[in-house]
Protein chains: 2
Amino acid sequence: MKAQARIATAFSPAEALAARTAWLAKEDEAFRPTGTVMEVPEGREICAEGQDTDRFYKVVSGVVRVCKFLNDGRRQIEAFHVAGEIFGLELGAERLLSAETITDCSFIVYRRHSVEQQAKSDQALSRQLFQHAMRSLAQAQSHSLLLARRGAAEKVAAFLLDWIAKATEGGVLHLAMSRQDIADYLGLTIESVSRSMSQFERVGTIALAGARHVRIKNRYALEMLAA
Amino acid sequence: MKAQARIATAFSPAEALAARTAWLAKEDEAFRPTGTVMEVPEGREICAEGQDTDRFYKVVSGVVRVCKFLNDGRRQIEAFHVAGEIFGLELGAERLLSAETITDCSFIVYRRHSVEQQAKSDQALSRQLFQHAMRSLAQAQSHSLLLARRGAAEKVAAFLLDWIAKATEGGVLHLAMSRQDIADYLGLTIESVSRSMSQFERVGTIALAGARHVRIKNRYALEMLAA
DNA sequence: CGCTTAATTGATCAGGGTCAATCGTGGTGG
DNA sequence: CCACCACGATTGACCCTGATCAATTAAGCG
């Protein structure tokens, strides 16, 4: 698996550390039950709809997309996850969502049953699980708000602002995902995303250096749009 | 306050019981910390964005909408809640969402701090809080999916199907909320909701007896649309 | 350096938003 | 009890944005 050799090239160790540190700052203490480290190259499925929910994951490095495939062939991306974030934890016995790597990734795999068992006697762990769920909830609600936004440009602006916090390096935003991924996250087509980006560039709000490197030239303009 | 005299007329006791029973069936045991019962007439604010998150609620009877007011004047409804459901629990110190009564309601008010304190030594309670959060998460994700749906008719169909489970009586669906509420929940305009309903009636999928009484004549047709 | 795939751009179209008028219903007061 | 009133819902006409289809350009990779 050649991809194994270039793990975490999409995100530098410095970035991964920064992301994890930010996460730790929000938590009193890290989520630390024992789990297995796992490395997966870009573009692979981590878990799929219909599978057993006996495991969940925490990203160590890389970017993951969590999504659902609709019967009409479309794909809706529920969330992107970066270092420090937990994903794949669901209530039912069968998964409703799939997860895939967008870049080469490494993450920790937890056994759900084992963690839940441990939580019965570990108040701190119990609280962390609750907080994870509540944070995911807040994120899902803010995603709903994003999807309900009127214009395409507003959605894209809001998306860019979200990602400034997650993957900025020297004023340049690194988008780990394709235009298709962005479109599926925002409920737009690839063309609409592209047009919004081009429009932002035309009016001097951003500068594009390749499709995935975005320099934010006028953050205020984006904030006005995203509101 | 005359409305106090007709509390719970919008939902019969039988309906409220059915709803609560359904909820209990999903839980091993009921959510049972102590709280204060409160009655609020229709159309009142229960809590608002920016307020302290020191309380949360469980619906005993009636219907509640949880929503966010956007800076452009629009309103996005995050969820409707019926008997047995918990709402108003948030992670941050300040509320991001408001809650309002759609019908006359009664609910139980819990003190967040007190419940969290109790959860430290009560494993079952701790688990219930987690499960509530996870269930809310699943509901928020399914709402995202709804908002990402292509057509107006598909959204309305999915909405009707959701509500068959929550408020059906003798094959007739009672909608507790206005067209505007439905529109704000689905990210549509009132006119689009109305047109979809009329269209369903025209092709014989439903029959309307007043705007809020819907007889489902062809559930399968709705399911095909909602997919 | 060329090839393959992703991204951009353009032209056209359809669905839902908007504005405006009408209808119906439930609630009120005579 | 009935007529009226006010508000919510429906319907219609038109417009605008984003989807679709299609062609071109750019970029990453061998």
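Just so it is clear: chains get the letters A, B, ... in the order the sequence lines come, proteins before strands, and each one is counted from 1.
In this structure, CG of B/Leu188 is placed 15 Å from P of D/dG18, rounded to the nearest angstrom. Taking atom CG of residue B/Leu186 and atom C1' of nucleotide C/dG17, one finds them 15 Å apart after rounding to whole Å. We find that CG of A/Asp72 is positioned 15 Å from C1' of D/dT20, with the value rounded to whole Å. We find that NE2 of A/His213 is positioned 15 Å from C1' of C/dA6, with the value rounded to whole Å. In this structure, CZ of A/Phe200 is placed 14 Å from P of C/dT9, rounded to the nearest angstrom. Here the P atom of nucleotide C/dA7 and the CD atom of A/Glu201 are 15 Å apart, to the nearest Å. Residue A/Arg149 contributes atom CZ, which lies 14 Å from atom P of D/dG18 at whole-angstrom precision. Distance, A/Leu147 CG to D/dG18 P: 14 Å, rounded to whole Å.
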Between the protein and nucleotides 8-11 of chain D, list every N/O to N/O distance that falls short of 3.5 Å.
from: D/dA9; atom 1: OP1; to: B/Arg179; atom 2: N; distance (Å): 3.3
from: D/dT10; atom 1: OP1; to: B/Arg179; atom 2: NH2; distance (Å): 3.0
from: D/dT10; atom 1: OP2; to: B/Arg179; atom 2: NE; distance (Å): 2.7
from: D/dT10; atom 1: OP2; to: B/Ser194; atom 2: OG; distance (Å): 2.7
from: D/dT10; atom 1: O5'; to: B/Ser194; atom 2: OG; distance (Å): 2.9
from: D/dT11; atom 1: OP2; to: B/Ser198; atom 2: OG; distance (Å): 2.2

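Between B/Leu97 and B/Glu90, the closest heavy-atom pair is N-OE2, 3.3 Å.
At the heavy-atom level, A/Gly151 lies under 4.0 Å from the strands shown only through sugar-phosphate atoms.
Using bins of under 30°, 30° to 60° and over 60° for the plane-to-plane angle, the ring pair A/Phe80/A/Phe159 lands in the perpendicular bin.
Under 4.0 angstrom from either OP1 or OP2 of C/dT18 there lies at least one side-chain N or O belonging to A/Arg150.
When each of A/Asp181, A/Asp184, A/Thr101 is tested with A/Arg65 by the rule side chain to side chain donor-acceptor pair (under 3.5 Å), just one qualifies, namely A/Asp181.
Using a 4.5 Å cut-off on side-chain heavy atoms (C-beta onward), A/Lys58 and A/Phe107 make no contact.
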List, one per line, each side-chain donor-acceptor pair under 3.5 Å for residues 213-227 of chain A, sequence neighbours excluded.
from: A/His213; atom 1: NE2; to: A/His174; atom 2: ND1; distance (Å): 3.3
from: A/Asn218; atom 1: OD1; to: A/Tyr220; atom 2: N; distance (Å): 3.3
from: A/Asn218; atom 1: OD1; to: A/Ala221; atom 2: N; distance (Å): 3.1
from: A/Arg219; atom 1: NE; to: A/Glu223; atom 2: OE2; distance (Å): 2.9

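Taking the ring centroids of B/Tyr185 and B/His143, they lie under the 6.0 Å cut-off.
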